[in-house]
Amino acid sequence: MRLLKTFTKTAFLAIIFLITSKNNSFADGGFPVRPGRLLISPSVSYFFASSQWDSTGVKKPFANGGKYTSIGATLYAEYGISRRFAAVASLPYVYNQYSQSNASTATSSGLTDLETGIRYYLANIDFIYYFSLQGTAITPMYSNNTSLGYGEEGGELKLAFSGSAPIGNLSAYFNAADGVRQYFGGSNGPIQNRWNATFGLSLDEEFENQVSATLSGINSWSTDKSFVSALPETNKNFSFIQASLSYGHSFSHEISLFLTGGEFLTGKNTGVGTTFSLAFIYRLDYR
């Protein structure tokens, strides 16, 4: 029973990563999407943790040599409705596994939270710097399974700022986004601040190769502040900061590939996670 309860708590950490791992330059920022363009991005991710930060930020290993792994697959889509509006959606699927040296292995799998939203492009400065505002609805695709998420509907409002500039013969870009998310789970539904900042640089004049660095994090607050292995509640009161590096390659104007690796730097009530992801981007024009 203790193994299952610890697994339930830890599984949500990987789901948090799965959701935030899609915050690459192509999927989260102020840059506009051409009207009639459909962007489809299937991705796979891997999450591993064998230790955690407690409520005071002290790092400690999981009990009894515990190890947690999660493999996820996410389908992300974005469509340019007009010069001002774009529709976005994402749906993750995860397979979670938690093991201890003195107990059997616990697993869970399934669809997590469907996210659908509308992005509005507020303004631009000389068509170099862009501002956007996005509203997102969160709908759980499961029931009675706390290892897959809160099981609560929610909403998010996010502001993003993006831009680009030449550096010699190369080109640099940046994205910065900050969103406030609320889960509607009665009095203890958490409210969260989710942020990320990315700086990227092209490696050639043809824009075929690029590298980027991202710093991201979540601060989550709830009246339910429990973080005890013997309790089955999903963690709602936590924070973390994650750093990641990405490499992108464009095979053509329509198809690109992104490889990303990341590490949790600090946190409270959260796992010390190591992450990897692989994403393909397909661009299709219908106008």
Side-chain angles (χ1 to χ4, degrees), residues 4 6-28 39-52 62 66-78 88-99 105-117 136 138-143 145-152 154 156 179 181 183 192 194 196 198 214 216-218 220 234-235 238 240 242-248 256-264 267 270-282:
L4 179 60
T6 304
F7 168 73
T8 297
K9 177 185 67 181
T10 312
F12 194 68
L13 306 178
I15 296 169
I16 290 293
F17 157 69
L18 190 65
I19 295 171
T20 58
S21 66
K22 69 178 177 62
N23 292 335
N24 297 299
S25 61
F26 61 88
D28 187 47
L39 184 152
I40 300 175
S41 176
S43 62
V44 293
S45 62
Y46 173 81
F47 178 99
F48 173 80
S50 59
S51 57
Q52 67 183 40
F62 288 146
K67 294 181 180 180
Y68 179 80
T69 58
S70 179
I71 299 174
T74 299
L75 181 62
Y76 175 87
E78 183 172 332
V88 297
S90 66
L91 181 61
Y93 178 93
V94 296
Y95 173 81
N96 306 316
Q97 178 176 287
Y98 186 83
S99 61
T105 299
T107 63
S108 72
S109 61
L111 296 172
T112 61
D113 290 338
L114 170 67
E115 297 188 10
T116 53
T136 302
I138 303 156
T139 306
M141 304 300 290
Y142 53 92
S143 60
N145 192 341
T146 53
S147 65
L148 295 177
Y150 296 134
E152 301 169 355
E156 182 183 73
R181 176 174 296 205
Y183 288 90
Q192 299 176 344
R194 296 172 171 232
N196 65 83
T198 297
T214 298
S216 60
I218 297 178
S220 182
T234 299
N235 184 22
F238 66 91
F240 70 81
Q242 177 187 8
S244 58
L245 296 175
S246 296
Y247 166 75
S256 301
L257 168 71
F258 282 83
L259 296 169
T260 302
E263 184 75 22
F264 283 30
T270 191
V272 184
T274 300
T275 63
F276 299 96
S277 66
L278 170 66
F280 287 93
I281 298 93
Y282 301 92

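Being a predicted model, the structure only gives us computed values, none of them experimental. Computation of the quantities below employed the complete heavy-atom set of this structure, encompassing side-chain atoms and omitting hydrogens, waters and symmetry-equivalent molecules.
For the 3.5 Å distance criterion, the side chains of T105 and S99 fail to qualify, holding no donor opposite an acceptor.
The shortest non-hydrogen separation linking T270 to G267 is CG2-CA, 3.9 Å. Counting all heavy atoms, side chain and backbone alike, Y150 lies closest to S220 at OH-OG, 4.3 Å. Counting all heavy atoms, side chain and backbone alike, K67 lies closest to S50 at CG-CB, 4.4 Å.
Checked options Y98, Y68, F48; the residue passing with F62 is Y98 (criterion: ring-ring contact (aromatic ring centres under 6.0 Å, His included)).
Among residues two or more places apart in sequence or in another chain, the side-chain contact (heavy atoms from CB on, under 4.5 Å) test is passed with S256 by S250, F258, I281, R283. For L111, the side-chain contact (heavy atoms from CB on, under 4.5 Å) partners are L91, Y93, M141, not counting sequence neighbours.
The CD1 atom of I40 sits 12.0 Å away from atom OH of Y76, with the distance rounded to the nearest 0.5 Å. Once rounded to the nearest 0.5 Å, the distance linking CD of Q52 with CZ of F240 reads 15.0 Å. Put simply, CZ on R194 and CD1 on I218 are 4.0 Å apart, with the number rounded to the nearest 0.5 Å. With rounding to the nearest 0.5 Å, the separation of CD in E156 from CZ in R181 is 4.0 Å. Separating the OG atom in S90 from the CD atom in E78 is a distance of 11.0 Å, to the nearest 0.5 Å. Annotation: the span from S108 atom OG to Y95 atom OH amounts to 8.5 Å, rounded to 0.5 Å.
S41 places a side-chain N or O within donor-acceptor distance of the main-chain N or O of F280, the cut-off being under 3.5 Å.
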message = Let's go through T275 and T260 carefully: what are the C-alpha distance in whole Å and the side-chain angles of both, what is the deciding distance for side-chain contact (heavy atoms from CB on, under 4.5 Å) to 0.1 Å, and is it a yes or a no?
response = CA-CA 8 Å; T275 63; T260 302; over 6 Å; no
query = Would Y46 and L278 count as a side-chain contact (heavy atoms from CB on, under 4.5 Å) if you check the C-alpha gap in whole Å, the side-chain angles of each, and the deciding distance to 0.1 Å?
reply = CA-CA 9 Å; Y46 173 81; L278 170 66; over 6 Å; no
query = Taking it one step at a time, do Y142 and D113 satisfy side-chain contact (heavy atoms from CB on, under 4.5 Å)?
reply = CA-CA 8 Å; Y142 53 92; D113 290 338; 3.1 Å; yes
